[in-house]
Amino acid sequence: MKLITAIVNKEDSRAVCHDLLKQKFYVTRLSTTGGFLMAGNMTLLICTEDERVDECIGVISNCCKQRTEIVPGTATMGLGIESAMPMQVTVGGATIMVTNVERFEKL
Ligand code: 2BA
């Protein structure tokens with residue numbers, strides 16, 4: 001068994017969950033916050049058989065798009081003057097981690 005941890009954009013999470021459930025995956029959704037942008041995202045926990053990992057990642061990648069976000073930033077402009085400089089950040093379609101599950105039980 002593998003645990004797939006997928007951090008996805010909030011805007012994509014509804015479609016991803018819908019498609020994962022349609023393909024008979026079990027999904028737990030956690031509301032999370034990105035440490036960099038401090039914006040809400042969604043973390044999905046999916047525990048599945050080893051041979052279904054690629055199928056699961058395929059479903060996620062079909063639903064998650066890359067986006068460009070403009071975030072406020074600060075930069076020193078010399079002479080001690082600080083100016084807010086908006087920054088462009090590319091946020092991935094999804095960040096996915098796959099880990100081994102030593103034991104899986106439902107009680
Ligand atoms: P955030 O931490 O809010 O990051 C949003 C985007 O900002 C990232 O997109 C990346 O383009 C940029 N970014 C993040 N940290 C940065 C840094 N230290 N320096 C420069 N740019 C930085 P993604 O890489 O697609 O990540 C989207 C979200 O996935 C992240 O939101 C975070 O919640 C999660 N994530 C990404 N990589 C992770 C990792 N290695 N471990 C844990 N969570 C991760």
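Counting starts at 1 for both ligands and their atoms, in listed order. We number each residue from 1, following the sequence as shown.
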In short, side chain to side chain donor-acceptor pair (under 3.5 Å) pairs touching residues 33-43 with sequence neighbours left out are Thr32-Asn41, Thr32-Thr43
Near ligand 1, which residues have a heavy atom under 4.0 Å away from one of its atoms? Ile7, Gly34, Gly35, Phe36, Leu37, Asn41, Val89, Thr90, Val91, Gly92, Thr95
Hey, is Lys2 close enough to Glu49 for a salt bridge, meaning N to O under 4.0 Å? no
Review item, side-chain donor-acceptor pairs of residues 16-30, under 3.5 Å, at least two apart:
none

Glu105/Arg103 ion pair, N-O < 4.0 Å: yes
Would you check, one step at a time, whether the test side chain to side chain contact (heavy atoms under 4.5 Å, CB included) holds for Leu45 with Leu3? CA-CA 7 Å; Leu45 302 180; Leu3 173 65; 4.2 Å; yes
Transitive ILVMFWY cluster of Met97 at side-chain heavy atoms under 4.5 Å: who else is in it? Ile7
